[in-house]
K.L.:
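This structure is in structure tokens; I'll ask about it shortly.
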Protein chains: 2
Amino acid sequence: MTTAPRTHRRGVKHGGEISNVPLGERIADQLRDLILDGVLAPGAPLVETSLAAELGVSRAPVRQALRILGLDGLVETVPYRGTTVRGLDRRDVEELLRIRTLHEGFAIRCIVERGDHSACDVLYACCDEMATVGGDVAALNRADARFHASLIEVADHALLITLWRTISMQVRHVMAMCNRRVADARVIAAHHRRIVDAIAVGEDERATMLLEAHVRDVIELVLREWSEPDAA
Amino acid sequence: MTTAPRTHRRGVKHGGEISNVPLGERIADQLRDLILDGVLAPGAPLVETSLAAELGVSRAPVRQALRILGLDGLVETVPYRGTTVRGLDRRDVEELLRIRTLHEGFAIRCIVERGDHSACDVLYACCDEMATVGGDVAALNRADARFHASLIEVADHALLITLWRTISMQVRHVMAMCNRRVADARVIAAHHRRIVDAIAVGEDERATMLLEAHVRDVIELVLREWSEPDAA
DNA sequence: TAGTGTTACATTGTCGACAATCGATCGTCC
DNA sequence: GGACGATCGATTGTCGACAATGTAACACTA
């Protein structure tokens, strides 16, 4: 859910072991990257037969993959018509970022309530990492995504994490669609660090406000580059 | 799923037309009701082969159905092991209801921001309906569910509605698992009406607080009956 | 008896083929 | 010429069979 944890996989994290991960999920991962990297533009059709042929597999796992992506909100399937990469319009972006703020604010409250200090350590580490990426825009994006993902994870709220999966996927999608020119990485890292500072001293309201301000900046930045919404 | 709108279906709402709805979705609906009505207890295995045989269909649509339910957080699938009805423990219930409060509070803010008065009309109608169910517990549950669903819908926030699908499904699951003895329907209806009153005059904070109190009551009521968590 | 290797069974994963459905195109009729 | 209907191609929906995987019970060995 959405969404509950999709599957339970045990074992094998290290090395390049033989994967017992169902084909469908691996295909989904592959297609997801293609979409999120912008290789598959919004509106592009994803034909089961063609994909199966290209990937050298049967249609069954491809179908499963498309369903997973549909779940993630990355593609749209119409019965008997086909599946296409989902387009995002201005309203989608606004909705997405507001919801994101809502959930991150909730995560902050969870952390503060528990007074979990190790959580702050994790977040500080993310900030440090963010400060070191220099001018690499892609790396900054990744570091930023990692910070926000960590914020959700350390909240230690299983359902929140589940919901976050869907949201973060679409956030990545939005970010991929605008070649965001960013400010200095160290400035952004400092912004984030201030949020963690507030969390560390238990001021969840201030932390939330800082976070809202941060996300609002991002919204503005994104929407400015959103000249032509390619209409879903 | 979680989650973007699963599919777009056009046409045929009335009568018992021939359904062009894919079998898998119909099966999912059927199984969902079975789970939500408690016929299929948590932990019960859902074997693709057996279900296909019982329903007189092939395994393909059954697989699709199980995947949809997995998305809704109602079942759990482990690769090569099988699918079972998901069990809910005390923590799940608490997480669920907190998340629910979070989203409904957000919905309230959306409505107040837009100053949408027709929204309040819809909600008042739900309250009226709720007041008339008398001692029918099931009907009261349905009316309550309808109120909260309406609250989300009138917020007019597509992504919120999507996320709500997953949540509400699990809420129904929880409600189904405890034979909740409720207070007088008219009292509960009055509680809800007070929330709408606050929304109508734009006092979103008060509305949210009232709603939080309401949900907290529900949590308490549910958890009290949660003697033996059957452990996921 | 404790431990190990093996076998059998249940279940899901994957495959290729056929049927149902949809949209567009073309032809026909007024 | 315009509207209606049939046909066609493309795509997904469904099916039955086979392969891969994991669990558990069993026999075997030290």
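Below, all heavy atoms of this structure are taken into account, side chains as well, without hydrogens, waters or symmetry copies.
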K.L.:
If you define the side chain from C-beta out and look only at heavy atoms, does anything of Leu151(B) sit under 4.5 Å from Leu211(B)?
P.N.:
yes
K.L.:
Between P on dT11(D) and CZ on Arg63(A), what's the gap in Å once rounded to a whole number?
P.N.:
14 Å
K.L.:
When the distance from CD1 of Ile27(A) to P of dT14(C) is rounded to whole Å, what number comes out?
P.N.:
8 Å
K.L.:
For Leu23(B) and dC15(D), give me the distance from atom CG to atom C1', rounded to whole Å.
P.N.:
11 Å
K.L.:
Round to the nearest Å and state the distance from Leu66(A) atom CG to dT11(D) atom C1'.
P.N.:
12 Å
K.L.:
The side chain of Pro79(A) lies closest to which of these nucleotides: dG13(D), dG23(C), dT12(C)?
P.N.:
dG13(D)
K.L.:
Go through residues 48-59 of chain A and report each residue with a non-hydrogen atom lying under 4.0 Å from DNA chain D, sorted by number.
P.N.:
Glu48(A), Thr49(A), Arg59(A)
K.L.:
Picking from dT12(C), dG22(D), dC15(D), which would you name as closest to the side chain of Arg81(B)?
P.N.:
dG22(D)
K.L.:
When you measure from the side-chain N and O atoms of Arg67(B) to the phosphate of dG13(C), is any distance below 4.0 Å, counting only OP1 and OP2?
P.N.:
yes
K.L.:
One pair to check against salt bridge (Lys or Arg N to Asp or Glu O under 4.0 Å): Arg86(A) and Asp72(A). What are the steps and the verdict?
P.N.:
CA-CA 11 Å; Arg86(A) 183 151 177 254; Asp72(A) 290 340; over 6 Å; no
K.L.:
With salt bridge (Lys or Arg N to Asp or Glu O under 4.0 Å) as the criterion, how do Asp29(A) and Arg32(A) come out once you've worked through the C-alpha distance, each side chain's angles and the decisive distance to 0.1 Å?
P.N.:
CA-CA 5 Å; Asp29(A) 291 340; Arg32(A) 201 194 329 271; 2.8 Å; yes
K.L.:
Counting side-chain heavy atoms from C-beta on, which of dT11(C), dG13(C), dT12(D) comes nearest to Val47(B)?
P.N.:
dT11(C)
K.L.:
Atom CD of Glu76(A) and atom P of dT11(D): how far apart are they, to the nearest Å?
P.N.:
18 Å
K.L.:
In chain order, what residues pass the ring pair (Phe, Tyr, Trp, His ring centres under 6.0 Å) check against His148(B), with sequence neighbours excluded?
P.N.:
His192(B), His214(B)
K.L.:
Counting heavy atoms from C-beta on, name the nucleotide in dC15(D), dG22(D), dT12(D) closest to the side chain of Tyr80(A).
P.N.:
dT12(D)
K.L.:
Between Val75(B) and Leu31(B), is any pair of side-chain heavy atoms under 4.5 Å apart?
P.N.:
no
K.L.:
Once side chain to side chain donor-acceptor pair (under 3.5 Å) is applied, do any residues pair with Arg114(B), and if so which ones, sequence neighbours excluded?
P.N.:
Asp116(B)
